[in-house]
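Letters go in sequence order (proteins before strands), and every chain restarts at 1. Model, not experiment: these values are computed from the prediction.
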Amino acid sequence: MAVDGSVRVRFAPSPTGYLHIGSARTALFNVLFARANGGVFILRIEDTDQNRYVEDSVEDIKESLRWLGLQWDEGPEVGGSVGPYFQSERVGIYAEYARRLVETGHAYHCFCTPERLESLRQAQLKTGEPTGYDRKCRDLPAKEVNKLLAQGTPSVIRFKIPDDGATVFEDALRGKIKFENKVLDDFVLLKSDGYPTYQLANVIDDHLMGITHVIRADEWINSTPKHILLYNAFGWTPPVMAHLPVVLSQSGGKLSKRHGATHLREFRDKGYLPEALVNFLALLGWTSGDDREVFDWDELVQSFTLDRVGTSPAVFSYEKLDWFNGVHIRKLSPEDLADRCIPFLQKDGLVSTPVSQQEVTYLTKIIPLLQERVKFLSEISDLASYFFLDEITYSDPSLLVPAKMSAQETVNILRQALSILTSIDDFSEANIESGLRGLVDSLGLKAGQVFMPIRVAVSGRTATPGLFETLHVIGKDRVLSRMEKAIGVLLEKH
RNA sequence: GGCUCCAUCGUCUAGCGGCCUAGGACACCGCCCUCUCAAGGCGGAGACACGGGUUCAAAUCCCGUUGGAGCUACCA
C-alpha cells in the first residue's frame, strides 16, 4: 500500500474497563502501520458515555500500552497540537458542529422520549419489522421546534439519512462495501445530556486531528456508512478505512473470561513477555508472507504492510501464545530474564524487597539452568524454589527410590555419593560429574539409578535441570546436608 | 428478523488460474539426543464446507446453499 510520509493513525479506546487483549491488537496494528510508514500514532480517549465510565481504566490503558511498547506520539500526558485528546474536554466542539449540521439541513432536533422510543422498538420487534427510529420529529415545523426548545424540552440531535440511494465505501482490506441508505437509521448525533455519540465525535475528531487511516475492528463496518454520510455532510474527505478481522475465543464467540485471560494486565501478571504478546498478536490476522513466525519489534516494523492483513476472523490460541512466550524467554539474556523474574520471586517471598546484590548474583547463576524450561515468568518461583529454600521436604519419600530398587540399596548409593561429594574440594560441575560418573561405573549401575536419588534428595523433585549444574549452584554444604536428610528419611521409613 | 463481514489441517496461516500428489507454525503422536524435565533434531497423522457455473485448466474467478461472526441504543 503506497503511502506518503504524513500518515496519522489513532487508537481510540473508551474508558469502560481494563484494556482488552483484542483492543491491544488493534492498537498494535495501528502502531505498526504508523512506524512502518514514518507516521504518527495518536491516543484518544473516547469518554463520552458518562454511564459506562470506569475510574482507573484510563490509567490501565496507558500503562498497558506502554508495557507492550506502544507509546503514542500524541495524546494524554504527551500532548500534541490537535488536542485535547479526551473527548469529554471537547464537548463544545461537537455541539457546535452538530448545530452546524442542523443549520445546513443535515440534522434535526428530536424530542421523542426514551419511553416512546422503547415502545416503538417493542412494537417493531413484535411485527417483525426492522427496528429503527420512525422519523417522527424529522419534519417538525421550525416554529414548533423553537417553541419546544424554548420550553427546555429535552431533545437530541439526529442525522437525516437520505431517503434513497446507497452509501459505498472502499475498505482497504476488503474492497467495496455497499449499504442501501434505507436500511440506515436516523441516528443520534448529540445526546440530551449534551454529549456527542461515538458516531459524531469520532468523525469530527478524526477529521480535526488529521487522521489519514482509520484502522479499527470489524464490528465498526456497519456504522461506517453513517460516518461516510457525516463526512459528506460536513464536506470533508473521509480517511482510508481498514477494518481488522475480529479475534474470537476458542468456542467461536467473543473472547471472554471463561477461556482464560482477557485483559492485558492479566497476561502481564501471569508472566507473559510483552515481546511474546506483540509477536503473537501481530500474527493474529497478519502474515509476513514467508514462513517466519518469530519476530522482534524491529523486524515487525520492517515487514509490516496493511495489505498483508487478512480478513477472516482469528481464534485466539493460548497454546500458541505460550509457545511464543517460551521462544522469547529463551532469546533473553540471562541478566534480562533474571531482572524480569525478580518481581515474581519477591511476590512469593523467595527473594527480599528490595532485592539484595547477593541475591541478584545468585539468581544469575540459577537463571541459565531454568531459561529453557520456563514458559511463564510466574512459574519461576515453583521451578526455582529449592535453590532458595534452606530446608526442603520430601512430599513423597518413595520418589527417592528408583524403580526396581530397594530403599536399602538407595541408601547405599546415597552414602557412597555423599562420601565422594564430600571429598570434592572444588565443587565445580566438572569435578562433580567425574566423581559421580566414576561412582556409576564402579557400582555397575545405570546413570539414572544413581543420579535420580541424588536429584530427588537435593531438590525434592524428579524433574530438574542437569544434575551437575544444579548441585554446583546449590552449593556443597546444602547438597551434603540434604543428602543426609534424605538418607535419614529412608532409614526411618524402614 | 434485517443488514454486513467471513469460510484451506483442531488452531494461526501460505496460496492471489497451471509451480498443489496444497507449504509452514502451534498442539498431538513416534523416534533420536539424554541423568530427569525441558530445549533441540528427524519423522507421522491432519484441510481446500457443499452445489452449480466460467476456463484447455480452479483451493484460487462468479453465483447459490450451508455454516460462523458482528452490528441492529440518547454504548463505544
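Considering only side-chain N and O atoms, A:Lys254 lies under 4.0 angstrom from the phosphate OP1 or OP2 of B:C71. Within the 4.0 Å cut-off from OP1 or OP2 of B:C35, at least one side-chain nitrogen or oxygen of A:Arg437 is found. Put simply, A:Lys446 has no side-chain N or O that comes within less than 4.0 Å of OP1 or OP2 on B:U34. A sub-4.0 Å separation between OP1 or OP2 of B:A76 and a side-chain N or O of A:Thr48 is present. One finds a side-chain N or O of A:Arg308 lying less than 4.0 angstrom from the OP1 or OP2 phosphate oxygen of B:G15. Taking 4.0 angstrom as the limit, A:Arg158 places a side-chain polar atom (N or O) nearer than this to OP1 or OP2 of B:C74. An OP1 or OP2 oxygen of B:A73 is reached within less than 4.0 angstrom by a side-chain nitrogen or oxygen of A:Arg121. Residue A:Lys226 has no polar side-chain atom (N or O) positioned under 4.0 Å from OP1 or OP2 of B:C71. The side chain of A:Ser14 places no N or O atom within less than 4.0 Å of a non-bridging phosphate oxygen (OP1 or OP2) of B:C75.
Between the side chain of A:Arg174 and the base of B:C5 there is no donor-acceptor pair of N/O atoms closer than 3.5 Å.
A:Asp205 and A:Tyr85 form no side-chain donor-acceptor contact under 3.5 Å, judged by distance and modelled atom types alone. Neither side chain, A:Ser57 nor A:Arg52, offers a donor N or O lying under 3.5 Å from an acceptor on the other.
Counting any heavy atom pair closer than 4.0 Å across all strands shown, A:Ile177 reaches sugar-phosphate atoms only and no base atom. When heavy atoms are screened at a 4.0 angstrom cut-off, A:Ser192 is found touching base atoms of the nucleic acid. Using a 4.0 Å heavy-atom cutoff across all strands shown, A:Leu283 reaches sugar-phosphate atoms only and no base atom. At a threshold of 4.0 angstrom between heavy atoms, the contacts of A:Pro196 are confined to the sugar-phosphate backbone, with no base atom among them. Residue-level contact check: A:Gly466 touches the bases, meaning some heavy atom is under 4.0 Å from a base atom. Using a 4.0 Å heavy-atom cutoff across all strands shown, A:Thr311 reaches sugar-phosphate atoms only and no base atom. Residue A:Phe468 is classed as a base contact, given a heavy-atom separation below 4.0 Å to a base. Among the atoms of the strands shown, none is found under 4.0 Å from any heavy atom of A:Pro154. When heavy atoms are screened at a 4.0 angstrom cut-off, A:Glu293 is found touching base atoms of the nucleic acid. Within 4.0 Å of A:Pro114, counting heavy atoms only, lies at least one base atom of the nucleic acid.
Taking atom CG of A:Leu184 as the reference point, atom P of B:U72 lies 12 Å away to the nearest angstrom. In this entry the distance linking NE2 of A:His227 with P of B:A76 reads 10 Å, nearest Å.
For A:Glu46, the listed nucleotide lying nearest its side chain is B:A76; candidates were B:C6, B:A76, B:C37. The A:Thr131 side chain lies nearest to B:A73 when the options are B:U13, B:C12, B:A73. When distances run from any side-chain atom of A:Thr197 to the nucleotides B:C75, B:G70, B:U13, the shortest one goes to B:C75.
Pairing partner, B:C50: B:G64, with both Watson-Crick or wobble hydrogen-bond distances short of 3.5 Å. The partner of B:A22 is absent, by the rule that a Watson-Crick or G-U pair needs both atom distances under 3.5 Å. With a cut-off of 3.5 Å on both pairing distances, the Watson-Crick or G-U wobble partner of B:U4 is B:A69. When both pairing distances are held under 3.5 Å, B:C28 makes a Watson-Crick or G-U pair with B:G44.
A:Tyr133 carries A:Arg158 over the face of its six-membered ring, with the cationic atom under 6.0 Å from the centre and within 45° of the normal. For the pair A:Arg25 and A:Phe29, the cation-pi test (distance below 6.0 Å, angle within 45°) is passed.
Contact check on A:Asp193 versus A:Lys191 returns no salt bridge, with no Lys/Arg side-chain nitrogen under 4.0 Å from an Asp/Glu carboxylate oxygen. Salt bridge status for A:Arg437 with A:Asp441: absent, with no side-chain N to carboxylate O gap under 4.0 Å.
For A:Glu55, the CD atom is loosely surrounded, since the number of other residues' heavy atoms within 6.0 Å does not exceed 12.
B:G41 and B:C19 are spaced 30 Å apart, taking the P atom of each and rounding to whole Å.
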